[in-house]
Amino acid sequence: MIDVQAAIAANPALGRVARAEETVWINPLYLPVEMTDGLCQLVVPDAAIDDAEARLARFAPFIRRRFPETEPTGGLIESPLEDIPRMQQALEREYHCTIPGRLMLKMDSHLAIAGSVKARGGIYEVLKHAEDLAIAAGKLSLTDDYARLDSEEMRAFFRQYTVQVGSTGNLGMSIGIMSAALGFQVKVHMSAEAKQWKKDLLRSHGVEVLEYSGDYSKAVAEGRANSEQDPMSYFVDDEKSVDLFLGYAVAARRLKKQLDDRGIVVDAEHPLIVYLPTGVGGAPGGITYGLKRLFKNNVHCFLVEPTQCPSVLLGMATRQYEKANVRDFGLSGKTHADGLACASPSSFVTRVLGNLVSGDFTVADAKLYDYLRLLDSSEGKRIEPSSCAAFAGPRGLLTLPGSRDYCAAHDLTEQVLNNSVQIAWATGGRLVPAEIWDQYLATVLD
């Protein structure tokens with residue numbers, strides 16, 4: 001059990017967190033990359049990311065054939081990177097803040113197939129599992145054209161097996177849609193926070209959706225237990241999976257190419273500052289890891305979590321990792337940001353990020369809808385409320401004392417920040433039905 005009062009006494013930011021105030025926690029264990037390189041290579045070597053990138057390339061012909069919307073990218077699942085200057089100006093005007101540099105939106109909200117950041121890790125893990133099974137059975141080799149996986153013969157083969165996952169929504173959609181496309185039987189265990197439209201979409205793909213009245217941890221526990229009872233079942237473990245992590249890590253290399261194509265330099269005088277909405281930690285953890293491997297000390301990665309459910313923040317700040325629970329701090333764990341509703345964080349990710357992540361902003365649910373409307377009116381872009389959490393970062397960077405101190409400590413001077421690129425990482429939105437957008441745009445919270 002965490003000694004909450006002792007934790008707050010040691011770090012005053014946790015007092016604000018416990019009061020569900022919007023704040024920033026700056027990671028006191030953050031280290032220069034050169035001091036963490038050996039451990040990083042031991043836990044997740046660069047060669048493993050190379051392997052993940054190569055596997056996604058092998059599957060591109062199958063994805064291209066099975067999902068025609070990926071034709072423009074040759075079967076690679078990638079999202080746009082777009083400037084949002086009008087949103088930058090709107091945030092500054094609305095919240096009386098200064099957002100230096102160039103504000104951009106990484107639109108994983110519009111990734112093909114699953115419409116969320118989970119398309120990276122979730123789909124990757126399903127593809128890896130399918131490849132492992134097919135190769136072991138002698139039905140596939142690494143030199144084959146993987147387009148042959150889109151056949152009734154291969155679907156019949158995969159139909160012998162089941163894939164299961166526990167989810168608040170978006171991971172379940174990525175796992176469910178791709179698993180069903182390959183032919184797997186699929187069970188997605190959904191927590192109480194999951195939106196009905198996401199359950200309906202999964203069922204339309206032939207996925208079995210099991211619903212629970214408990215939170216995310218309950219859904220994961222039930223899914224894991226159910227899978228363990230079936231020798232033909234494979235469980236995608238969002239709390240511990242290295243394969244998920246690797247799928248997310250590949251995003252950094254894709255982002256670098258997009259920056260290179262625009263002539264955007266990332267160095268000490270032109271830093272990259274990235275804000276990542278965070279649930280259990282898997283997607284932002286993998287992306288952060290990949291970015292730090294590429295850009296070293298010239299990238300600063302901040303997580304963003306709901307004020308009522310900042311589990312990764314608490315797991316790292318208390319160093320209790322997966323044992324931390326937001327309810328220990330008197331928080332409800334309930335949030336409109338369904339994809340971020342995880343009361344306890346990933347054991348794997350909180351440890352891997354211990355020296356890599358710069359800090360963690362918290363955001364009130366009401367702001368999610370305010371940011372959503374502001375992005376819609378200023379740029380004509382729509383992303384899920386949980387995605388909009390990312391805007392708390394650029395808004396707060398020079399407003400909150402903790403993040404201002406971080407900038408001063410890391411030579412992020414006014415001139416350097418004016419040369420920076422700040423990226424809000426949008427995590428979901430493309431598959432939201434029109435009537436749900438109407439509800440989101442009309443939602444106003446106290």
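All of these numbers come straight from a predicted model, not from anything done at the bench. Throughout, numbering of the chain's residues begins at 1 and tracks the sequence. Computation of the quantities below employed the complete heavy-atom set of this structure, encompassing side-chain atoms and omitting hydrogens, waters and symmetry-equivalent molecules.
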Quick one: closest heavy-atom pair of A181 and F67, and the distance? CB-CZ, 3.6 Å

Does the pair L182 and M154 meet the rule for a side chain to side chain contact (heavy atoms under 4.5 Å, CB included), with working shown? CA-CA 8 Å; L182 283 159; M154 293 307 298; over 6 Å; no

Salt-bridge criterion met for D200 and K195 (N-O under 4.0 Å): no

Is a side-chain donor or acceptor of R373 paired with a backbone partner of L441 at a separation under 3.5 angstrom? yes

For D360 and T278, what are the C-alpha separation, side-chain angles and deciding distance, and is it a side chain to side chain contact (heavy atoms under 4.5 Å, CB included)? CA-CA 9 Å; D360 194 316; T278 303; 5.5 Å; no

Quick one: does any side-chain atom of T73 pair with a main-chain N or O of T70 as donor and acceptor, under 3.5 Å? yes

Straight-line distance of K323 NZ to T318 OG1, nearest 0.5 Å: 10.5 Å

Do K292 and T36 come close enough that some side-chain heavy atom pair is under 4.5 Å? no

Assess whether a salt bridge exists between E125 and K118, defined as any Lys/Arg side-chain N lying under 4.0 Å from an Asp/Glu carboxylate O. no

On a heavy-atom basis, which atom in S116 and which in N170 lie closest, and how many Å separate them? OG-CB, 3.5 Å

Please examine the side chains of S347 and K240, heavy atoms only from C-beta on, and report whether any two atoms are closer than 4.5 Å. yes

First locate atom OH of Y146, then atom CG of L140, and finally report the distance between them rounded to the nearest 0.5 Å. 4.5 Å

Verify side chain to side chain contact (heavy atoms under 4.5 Å, CB included) between L255 and W425, making sure each step is shown before the conclusion. CA-CA 11 Å; L255 176 66; W425 207 288; 3.9 Å; yes

Is the count of non-hydrogen atoms from other residues, nucleotides or ligands lying under 6.0 Å from K256 atom NZ greater than 12? no

Is there a donor-acceptor contact under 3.5 Å linking the side chains of E34 and N297? yes

Indicate yes or no for a side-chain donor-acceptor contact from E208 to the backbone of V186 under 3.5 Å, with no hydrogens or angles considered. no

Answer yes or no: is there a side-chain heavy-atom contact under 4.5 Å between F295 and V274? no

Looking at OG1 of T335 and CG of L340, how far apart are the two atoms once the value is rounded to the nearest 0.5 Å? 6.5 Å

Is there side-chain contact between D108 and T427, with at least one heavy-atom pair below 4.5 Å? no

How are the rings of Y406 and H300 set to each other: parallel, tilted or perpendicular (split at 30° and 60°)? perpendicular

Is there a donor-acceptor pair closer than 3.5 Å between any side-chain N or O of T362 and the backbone N or O of T23? yes

Is a donor on one side and an acceptor on the other found under 3.5 Å between the side chain of D230 and the backbone of M232? yes

Any heavy-atom pair between the side chains of S167 and M190 that's under 4.5 Å? yes

Scanning both residues in full, the closest heavy-atom pair of E379 with M87 reads OE2-N, 3.0 Å

R319 atom CZ, over 12 foreign heavy atoms within 6.0 Å: no

Verdict with supporting geometry, E78 and K257, salt bridge (charged side-chain N to carboxylate O under 4.0 Å, His left out): CA-CA 11 Å; E78 196 43 70; K257 183 178 186 306; over 6 Å; no

Given the rule in the salt bridge (charged side-chain N to carboxylate O under 4.0 Å, His left out) test, do E131 and K128 qualify, once you have shown the distances and angles that lead to the verdict? CA-CA 5 Å; E131 184 183 68; K128 183 178 184 300; over 6 Å; no

Can a donor-acceptor pair be found, under 3.5 Å and without considering hydrogens, that links the side chain of D144 to the backbone of S141? yes

Considering residues at least two apart in sequence or located in another chain, which fulfil the side chain to side chain contact (heavy atoms under 4.5 Å, CB included) criterion with N27? W25, L29, Y30, V357

Please report the closest heavy-atom contact between G315 and P345, naming both atoms and the distance. CA-CG, 4.2 Å

So, E193 and T168: side-chain donor and acceptor under 3.5 Å apart, yes or no? no

Is it true that a side-chain atom of Q160 and a backbone atom of F157 form a donor plus acceptor pair closer than 3.5 Å? yes

To the nearest 0.5 Å, what is the distance between CZ (F391) and CG (L375)? 4.5 Å

Under the 3.5 angstrom rule, does the side chain of Q258 hit a backbone N or O of S79 as a donor-acceptor pair? yes

Donor-acceptor pair, side chain of Y212 and main chain of E222, under 3.5 angstrom: no

Is the shortest heavy-atom distance from the side chain of I77 to the side chain of Y124 under 4.5 Å? no

SB check R395 E22 (cutoff 4.0 Å): yes

Show your working on side chain to side chain contact (heavy atoms under 4.5 Å, CB included) between L276 and V304 and close with a plain yes or no. CA-CA 6 Å; L276 296 141; V304 188; over 6 Å; no

Residue pairs passing the ring pair (Phe, Tyr, Trp, His ring centres under 6.0 Å) test with at least one member in residues 310-344, sequence neighbours excluded, are H336-Y369

Under 3.5 Å, is there a donor on one side chain and an acceptor on the other for S227 and S233? yes

Do the non-hydrogen side-chain atoms of I264 and M104 ever get within less than 4.5 Å of each other? yes

List in chain and number order the residues that pass salt bridge (charged side-chain N to carboxylate O under 4.0 Å, His left out) with E69, two or more places apart in sequence or in another chain; answer none if no residue qualifies. none

Which pair of non-hydrogen atoms, one from C388 and one from I383, has the smallest distance, and what is that distance? SG-CG1, 3.5 Å

Rounded distance [0.5 Å steps], CZ in R55 versus CG in L127: 9.0 Å

Does the distance from a Lys or Arg side-chain N to an Asp or Glu carboxylate O, for R224 and D238, drop under 4.0 Å? no

With distance as the sole test, does S109 use its side chain to make a donor-acceptor pair with the main-chain N or O of G428 at under 3.5 Å? no

Can you tell me which residue among F158, Y234, F235 is in a ring pair (Phe, Tyr, Trp, His ring centres under 6.0 Å) with H129? Y234

Worked check of salt bridge (charged side-chain N to carboxylate O under 4.0 Å, His left out) between R64 and D150: CA-CA 10 Å; R64 185 178 183 177; D150 185 29; over 6 Å; no

How many angstroms lie between CG in D46 and CG in D51, if you round to the nearest 0.5 Å? 12.5 Å

Ignoring hydrogens, what is the shortest heavy-atom contact between V165 and V236? Give both atom names and the distance. CG2-O, 3.5 Å

Is there side-chain contact between L314 and V17, with at least one heavy-atom pair below 4.5 Å? yes

